[in-house]
Student: 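Below is one structure. I have some questions about it.
Throughout, protein chains are lettered first and strands after them, A, B, ... in sequence-line order, and every chain is numbered starting at 1.
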Amino acid sequence: MSYLVLESLKEKIGEALSLLSPSSGQIDFVVEPTREKRHGDFATNAAFLLARTLQRPPREVAQDLKRLLEPQLLGVARVTVAGGGFINFTLEDAFLLELLGRVLVEDERFGEVDIGKGKKVQVEFVSVNPTGPLHVGHGKCAAFGDAVARILKKAGFQVEKEYYINDAGKQIELLGISLEVRFRQLLGENVDIPEGGYRGEYLVDIAQELLEERGAGILELPVEERTKLFREYAVEKILAEIRRDLDDFRVFFDVWFSERSLYENGEVEYVLSLLREKGYTYEQDGALWLRTTLWGDDKDRVLIRENGAPTYFASDIAYHWNKWKRGFARVIDIWGADHHGYIPRMHAAMKALGLPEDFLEIFIVQFVTLLRGGQPERMSTRQGEFVPLRSLIEEVGVDAARYYFLMRDPETHLEFDVEEAKRQSMDNPVYYVQYAHARIVSVFREAKKRDLSWVSFQEALRFGFENEDERNLAKAIVYFPEVVKQSALLRQPYLLCNYLHDLAGSFHSFYNLHRILDPENVPRMSFRLALCRLTQIVLRNALELLGISVPESM
RNA sequence: GCGCCCGUAGCUCAACGGGACAGAGCAACGGACUUCUAAUCCGUAGGUUGUGGGUUCGAUUCCCGCCGGGCGCGCCA
């Protein structure tokens, strides 16, 4: 993977550092693209860091490093010391062009970086209780989890996407009861949805369907059978709805895992006995507790209630034990912000089970504040007030919705004014990126229409750069694998959004400033068409990682 | 009260696990289409990074105190 320019630079700098100071092998320097071109192509802060340990002025250390590096670096035209001690590198054009040649060969595989080494990773996300349709906040989780999974796959992990169905417990009981109330109301009975029940309109529709399907007679069934029927019917219908929403949002899961199954095959029981055996549990007030405080939780947590029913926590521990048994090297859980208080106890439970420190990785997705005409809209399924994901998709489209959710760090709050997104949909940043791709396709379409002929892309690269705009575009293109690597390591799709916006910007500038189709100058035309093709490859590969469509025309 | 997230241009956000002059997009202003898609480009303007300290060659970034906003703190899930 030597086209990871930064990687090879880093390696050489590391070697130079250890020559200057053998003891300081673990200096955590960075190599980054420069913000300004007068600083060259890439720069490192290594000298500043070494200066500290050596107790010498950074500039001096930088000079020493430069002397060591200069003869070492192939493909680097210039090494300079600037500022207080930055070391700047300027790539040779020939090297850059060689890298471009490799991109053409790699094509759809370009951007693959093998940091995963085939390790099995699971990403579990959305996992909404089947008690109501998906809302906008879930959409953010869905877009994030799906993009992370795609990125990890590109980075060499073996990835599975999973949805955990909370089809057990009190909330589900309440759902069944709420449906029965709606059902009875349809038959004219004067009954009310109980405290804490689900009041959303969607249950009225489902009750209507059930009535048409099974008739009023089901109310005559024995209590046990009747509540089971209402409960299961509600879960089934709502889950089907959730699946349909996710399909339309282009989010597909490999596994749908039922919480209830953990009870049915005795795994909850088993994990509880495991924890008992290890001596991390105790009885108090008629309940069974886990000593999560041993690992930093605020207080111990209940596993089995006074009434004998296991808590959600208990089944969740069993669930993660199950994940471990399935052979994942690591599992990534993506939760809504309302669950963040749950993190310490879950990590504690993993430690109680003796699982590796880094087995479970949890991401918290902060809420989306939906604004509609300046008015904030609260989202709570239990209150029955929420903005469905579906209606957002219908208003702004899948591509725009996904891009908006992904363009920021999910752990920060996101403000999303629907009215504004609707009104300004033509200025949406996602179109800026997609438009670059559509333009490229259009150039080739035009070239064919005019029956132009040009030198093959690979051959054309030897004509080299004519201006800085072409060169900037080339730099952006070869930087792609580094972005994939970073966003995979940090699990941050938004780095790709930023990168895409940059790349599209470099292309739009290039396009506006230089004519591509010019039969009078075939070498130049050929070289520029090669750049177009290269840009197209990267735009396509990157958009696919985000689950955003790649339009041929707009 | 305790814990987590956040506070950067008028608005929405960047700044790549301390670095060069804090950058984009909207909104504002001025230019560029008889020529490959103007959903674009080129340019101008816009800032005491909430606030007060501290750590050091250097702080938007790390630490502490305050101010303001969001979310949690169940034998719910």
Student: How close or far is atom P of B:C76 from atom CG of A:N166, stated in whole angstroms?
Tutor: 15 Å
Student: Between B:C6 and B:C26, how many Å separate the two P atoms, rounded to a whole number?
Tutor: 27 Å
Student: Of the listed nucleotides (B:A20, B:C75, B:G74), which one gets closest to any side-chain atom of A:T311?
Tutor: B:C75
Student: Out of B:C41, B:G74, B:A77, which has the shortest distance to the side chain of A:Y432?
Tutor: B:C41
Student: Would you call A:E466 and A:R528 a salt bridge, using N to O less than 4.0 angstrom?
Tutor: yes
Student: For B:G72 versus B:A38, give the span between their C1' atoms, rounded off to a whole number of Å.
Tutor: 49 Å
Student: Provide the distance between the two P atoms, one in B:C5 and one in B:A14, to the nearest whole Å.
Tutor: 15 Å
Student: So that I know where these two stand, are A:W335 and A:F363 an aromatic pair - ring centroids less than 6.0 Å apart?
Tutor: no
Student: Return the nearest nucleotide to the side chain of A:Q171; candidates are B:C36, B:A77, B:A24.
Tutor: B:A77
Student: When the nearest nucleotide of RNA chain B is assigned to A:T34 and to A:V443 on a heavy-atom basis, which residue is associated with the more 5' position?
Tutor: A:T34
Student: Measure from OH on A:Y403 to C1' on B:A14 and round the result to the nearest Å.
Tutor: 12 Å
Student: Please determine, by modelled atom types, if A:Q366 and A:T412 share a side-chain donor-acceptor pair under 3.5 angstrom.
Tutor: no
Student: Counting side-chain heavy atoms from C-beta on, which of B:C36, B:C76, B:A14 comes nearest to A:E446?
Tutor: B:C36
Student: So is A:R524 actually on top of A:F463's ring, under 6.0 Å and inside 45° of the axis?
Tutor: no
Student: Going by modelled atom types, is there a donor-acceptor pair between the base of B:C6 and the side chain of A:H413 at under 3.5 Å?
Tutor: no
Student: Would you say the base of B:A20 and the side-chain of A:N88 have a donor-acceptor pair closer than 3.5 Å?
Tutor: yes
Student: Give the rounded distance in Å between these two atoms: CG of A:L272 and C1' of B:C75.
Tutor: 14 Å
Student: Measuring to OP1 and OP2 of B:C42, would you say a side-chain N or O of A:S509 lies under 4.0 angstrom away?
Tutor: yes
Student: What is the distance, to the nearest angstrom, from the CZ atom on A:R408 to the C1' atom on B:C11?
Tutor: 11 Å
Student: For A:E446, is there an ion pair with A:K449 - N to carboxylate O distance below 4.0 angstrom?
Tutor: yes
Student: In whole angstrom, give the distance that lies between atom CD of A:Q284 and atom C1' of B:C75.
Tutor: 12 Å
Student: Under a plain distance cut-off of 3.5 Å, with no hydrogens placed, do A:Y198 and A:Q171 share a side-chain donor-acceptor pair?
Tutor: yes
Student: If I take atom CG in residue A:D409 and atom C1' in nucleotide B:C5, what distance separates them, rounded to the nearest angstrom?
Tutor: 10 Å
Student: Starting the side chain at C-beta, find the nucleotide from B:A39, B:G74, B:C5 nearest to A:Q366.
Tutor: B:C5
Student: How close or far is atom C1' of B:C13 from atom CG of A:N498, stated in whole angstroms?
Tutor: 9 Å
Student: Taking only side-chain N and O atoms of A:K449, does any of them lie within less than 4.0 angstrom of OP1 or OP2 on B:C36?
Tutor: no
Student: Where the side chain of A:M554 is concerned, which of B:A39, B:C41, B:C36 is the nearest nucleotide?
Tutor: B:A39
Student: So, under a plain 3.5 Å distance rule, would you say the side chain of A:H340 forms a donor-acceptor pair with the base of B:G3?
Tutor: yes
Student: Check whether any side-chain nitrogen or oxygen of A:R305 sits under 4.0 Å from OP1 or OP2 of B:A77, and answer yes or no.
Tutor: yes
Student: For the pair made of CD in A:E411 and P in B:G72, what is the distance, rounded to whole Å?
Tutor: 16 Å
Student: Are A:Y494 and B:A15 close enough that a side-chain N or O sits under 4.0 Å from OP1 or OP2?
Tutor: yes
Student: For A:A287 and for A:E32, locate the closest nucleotide of RNA chain B by heavy-atom distance; then report the residue assigned to the nucleotide nearer the 5' terminus.
Tutor: A:E32
